[in-house]
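Reading through the structure tokens given below for one structure.
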Amino acid sequence: MSDATIQDLLEEGRTFPPAPDFQATALVSDRSLYDEAEADRLGFWARQARELVTWYEDFETVLEWNLPFAQWFVGGKLNVSYNCLDRHVEAGRADKVAFHWEGEPGDTRTITYAELLDEVSRFANVLRSLGVQRGDRVAIYMPMIPELPVAMLACARIGAPHSVVFGGFSPDSLIDRINDAEAKVLVAADGGYRKGAPVALKPNCDEALRSTPSIEHVVVVRRTGQPVEWTEGRDRWWHEVMAGASSECQPESMDSEDLLYLLYTSGTTAKPKGIMHSTGGYLTQIAFSHRYVFDLHPETDVYWCAADIGWVTGHSYIVYGPLTNGCTSVMYEGTPDTPRESERAGDGAAWPKDRIWDIIERYGVTQLYTAPTAIRMFMKWGDQEPARHDLSSLRMLGTVGEPINPEAWMWYHLNIGRERCPIVDTWWQTETGAQMISPLPGVTTTKPGSATLALPGVVAEVVDDNGKPITQGGGYLTLTEPWPAMLRGIWGDPQRYRDTYWSRFEGRYFAGDGAKVDADGYLWLLGRVDDVMNVSGHRISTTEVESALVDHELVVEAAVVGSTDAMTGQAIMSYVILRGDVEPSEDLGEEIRQHVATKLGAIARPRTVILVPDLPKTRSGKIMRRLLRDVAEGHALGDTTTLADPAVVEEIRARAAAAPEED
Ligand code: WTA
């Protein structure tokens, strides 16, 4: 074994160059954007800013960089909601559809740019009438309904930063976020639909609001019609306040560096961090990446990002990117295993699990952007679900959120892309604001499991323990130059910003991810560095072992954690879900262990394979590794296979039920 920082064990040999017929219509099919950005990075970003964004006043300086504090497009004035709405209407695209929205029960709304502008302007006036002024923070806690982007854009229109709190979070999470930001108004709903039933949100608001002194008013959308408690004077119905509001609202002229929003993300400590995103730089890089990574043809495309707006993916690639680029999107309220009411027969277990494919077929979706965890779930549900649908409208596919194992990539390629659609595996973070490492679909030859290369204008380097760049092998992913959509800090805590991101390697932003560089310079993300195991002095990525496990034909999903071992430092513990029709057996467990040894080498063979029916996940779909680690540590698990050990399964279940919502 070499002494590379992180062992790179997995060899993936397949390559997929862009197809000539895709290239024929692609926005870019050569290296020109890379060349331009390499020659003059700031000039490149200045050109994107001027081409993709409309400014009230042009900027004077492209970048002011006082490490680690960046200011982009200094002196420029603009308004994000103007860029997302007014300018499209003024250009004659009033009747273009902004969102094809579909509720989980099957109700729909088609919202044009003119209608969205009208609603946003009225809600902006409502916020003002409730005392919200430029600079005040507004908290938003809603299901995936059209009023959510309306509320965000209304905030942007009047220069009031929003803080969207994912609708699946608890009252406690809501309290922490509202109080940290000292939000003045909360925009919420009575509830939303999930898995075929209404889920109430207003009671969570009522509970949270006992401990949030800064909130003066709550505006409540009536979505489910569930009974609600009402606090007179504080609570207002959305439909009532909107009825009287004027649809004339002049957008504020904002400074390029003004705060557009806060989005809280969990770190290694319990206190969530309020990630700050600015106006001009953020919008520029979002518009750029959304346009070129998705090869956007706004005249004809029907784009769908199937994330929740409560996460950064939804902020950047459901709301701000698509609307700035004037495209038509799909927005869906519910879960992928819930059919429309008209298609539901029997109990939930008997329902078809094809809602995603059904939506793609009915709306003629051209780009689908989803997460590896969702793709693995679709794999588990079986090939027959997408096979029932005509998916020929799809032109390309994207993934985000975690490393995609090659098997899931290939399944996506074969069963959804039907071997026609390029796949963009996009690496980025709440903190980066925009996609950073990704193929350009008309340019980049892809390799299943690799996010490929930094996008034009982005400079990424993998370094070793001492911060020395590595040209091949495993290490830590860093970003060496500021980028327009980068976080501007952590709300109220500049020191934590320095410590968290800029202190591990001098002069570099450290993303917290391990990565390896292959012989072609391609980047392979290896998961969070705290998910890297150290076995007998060899650092082994949990992701690589997971990929090898799910490469076994009878395994659908796997989670790997390191547990303390007196001999080897850490031992590899794996939790494995088998395909539904497979009988677990001792021999099969052993075969799976051997499979990993064959794929990666004996050093990576898991000490234990635990066959489980399910894996505990956070609301955003990330596996709760800390929980699994604790369970592994707490049991004297044998040396080989533990066959669905009921005590282990029960403990996972109990701990997951009691776990805080963010792990
Ligand atoms: C992980 C989501 C591998 C990574 C946009 C990162 C990925 C964290 C990828 C950020 C990818 C995201 N390949 N890993 N394509 N995309 N990640 O803040 O560990 O929710 O640091 O932002 O997700 O998660 P966040």
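Rounding to the nearest 0.5 Å places NZ of K96 at 14.5 Å from CD1 of I111. The line from OG1 of T370 to OH of Y412 is 5.5 Å long, rounded to the nearest 0.5 Å. To the nearest 0.5 angstrom, C327 atom SG is 6.5 Å from N325 atom CG. Note that NE2 of H413 and CD1 of I423 are 6.5 Å apart. Values are rounded to the nearest 0.5 Å. Within the model, atoms CZ of R395 and CG of D301 stand 4.5 Å from one another, a figure rounded to the nearest 0.5 Å. Distance CD/E257 to CE/M254: 11.5 Å, rounded to 0.5 Å.
Checking Y292 against Q435 by side-chain atom types alone, no donor-acceptor pair falls below 3.5 Å. No hydrogens or angles considered: a donor-acceptor pair under 3.5 Å links the side chains of T426 and Y369.
For the ring pair (Phe, Tyr, Trp, His ring centres under 6.0 Å) test with F288, the passing option among W45, Y282, Y320 is W45; the others fail.
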Quiz item: Would S289 and Y317 satisfy side chain to side chain donor-acceptor pair (under 3.5 Å), going step by step from the backbone distance to the final call?
Solution: CA-CA 9 Å; S289 54; Y317 298 106; 2.6 Å; yes
Quiz item: Run the side-chain contact (heavy atoms from CB on, under 4.5 Å) check on L525 and D425 step by step: do they pass?
Solution: CA-CA 10 Å; L525 275 302; D425 171 4; over 6 Å; no
Practice problem: Assess whether ring pair (Phe, Tyr, Trp, His ring centres under 6.0 Å) is satisfied between W72 and F59, documenting all intermediate values. | Solution: CA-CA 9 Å; W72 281 87; F59 45 90; 9.5 Å; no
Quiz item: Hey, mind stepping through Y261 and V319 against side-chain contact (heavy atoms from CB on, under 4.5 Å) and telling me if it holds?
Solution: CA-CA 13 Å; Y261 67 78; V319 181; over 6 Å; no
Practice problem: Could you walk me through whether L117 and D86 pass the side-chain contact (heavy atoms from CB on, under 4.5 Å) test, one step at a time? | Solution: CA-CA 7 Å; L117 172 59; D86 309 57; 3.5 Å; yes
Quiz prompt | side chain to side chain donor-acceptor pair (under 3.5 Å) between Y193 and T338, intermediate numbers included | solution = CA-CA 10 Å; Y193 290 97; T338 310; over 6 Å; no
Quiz item: Could you go step by step and tell me if E361 and D358 meet the side-chain contact (heavy atoms from CB on, under 4.5 Å) rule?
Solution: CA-CA 5 Å; E361 181 172 5; D358 169 47; 5.7 Å; no
Practice problem: Applying salt bridge (charged side-chain N to carboxylate O under 4.0 Å, His left out), run through R376 and E546 and close with a yes or a no. | Solution: CA-CA 12 Å; R376 288 194 298 269; E546 286 169 4; over 6 Å; no
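For D40 and R47, the salt-bridge test fails: no basic side-chain N is under 4.0 Å from an acidic carboxylate O. A salt bridge between R355 and E333 is absent, with no side-chain N of the basic residue lying under 4.0 Å from a carboxylate O of the acidic one. The pair K380-E557 fails the salt-bridge criterion, with no side-chain N (NZ, NE, NH1 or NH2) lying under 4.0 Å from an Asp/Glu carboxylate O. Between R291 and E51 no salt bridge is recorded (no basic side-chain N to carboxylate O distance below 4.0 Å). The pair R109-E115 does not count as a salt bridge, with every side-chain nitrogen at least 4.0 angstrom from each carboxylate oxygen. Ion pair K516/E544 flagged as a salt bridge, since at least one NZ, NE, NH1 or NH2 atom sits closer than 4.0 Å to an Asp/Glu carboxylate oxygen. Taking 4.0 Å as the cut-off between side-chain N and carboxylate O, D21 and R420 do not count as a salt-bridged pair.
A donor-acceptor pair is defined here as one N or O able to donate and one able to accept, closer than 3.5 Å; such a pair exists between the side chain of E385 and the backbone of K353. Counting only distance, with no hydrogens or angles, the side chain of T279 and the backbone of D258 share a donor-acceptor pair below 3.5 Å. Proximity of a side-chain donor or acceptor of T366 to a complementary backbone N or O of V302 within less than 3.5 Å is detected. Using a distance-only test at 3.5 Å, with no hydrogens or angles considered, no donor-acceptor pair links the side chain of T335 to the main chain of R194. Side chain of T328 to main chain of V97: a donor-acceptor pair is present (N/O by atom type, distance under 3.5 Å, no hydrogens or angles). Side-chain N or O atoms of D513 include none that pairs as donor or acceptor with a backbone N or O of L526 at under 3.5 Å. Counting only distance, with no hydrogens or angles, the side chain of E252 and the backbone of G159 share no donor-acceptor pair below 3.5 Å. Under a 3.5 Å cut-off, the side chain of Q285 and the backbone N or O of A485 do form a donor-acceptor pair. Looking only at distances, a side-chain donor or acceptor of H277 sits under 3.5 Å from a matching main-chain atom of T430. Panel note: side chain T61, backbone L63; no donor-acceptor pair is recorded below 3.5 Å.
Counting heavy atoms from C-beta on, the side chains of C84 and L153 come closer than 4.5 Å. Considering only heavy atoms from C-beta on, R508 comes within 4.5 Å of V463 through its side chain. Taking the side chain as every heavy atom from C-beta outward, I309 and M331 approach each other to under 4.5 Å. Between H100 and W304 the shortest side-chain heavy-atom distance does not fall below 4.5 Å. In this structure, the side chains of P352 and R388 come closer than 4.5 Å at one or more pairs of heavy atoms. Two residues are said to be in side-chain contact when any heavy atoms from C-beta on lie closer than 4.5 Å; L394 and I416 meet this criterion. Between L523 and T452, every side-chain heavy-atom pair lies at or beyond the 4.5 Å cut-off. Counting heavy atoms from C-beta on, the side chains of W411 and P386 come closer than 4.5 Å.
Taking all atoms of both residues into account, the shortest heavy-atom contact from I318 to A307 is CD1-O, 3.4 Å. Between L262 and M276, the closest heavy-atom pair is CD2-CG, 3.5 Å. Of all non-hydrogen atoms in M410 and F16, the two that sit nearest each other are SD-CZ, 3.8 Å. Closest approach of E461 to P469, counting heavy atoms only: OE1-CG, 3.6 Å. Nearest heavy-atom pair, L52 versus T324, reported as atom, atom and distance to 0.1 Å: O-CG2, 4.0 Å. Minimum heavy-atom separation, G521 to L453: O-CD2, 3.4 Å.
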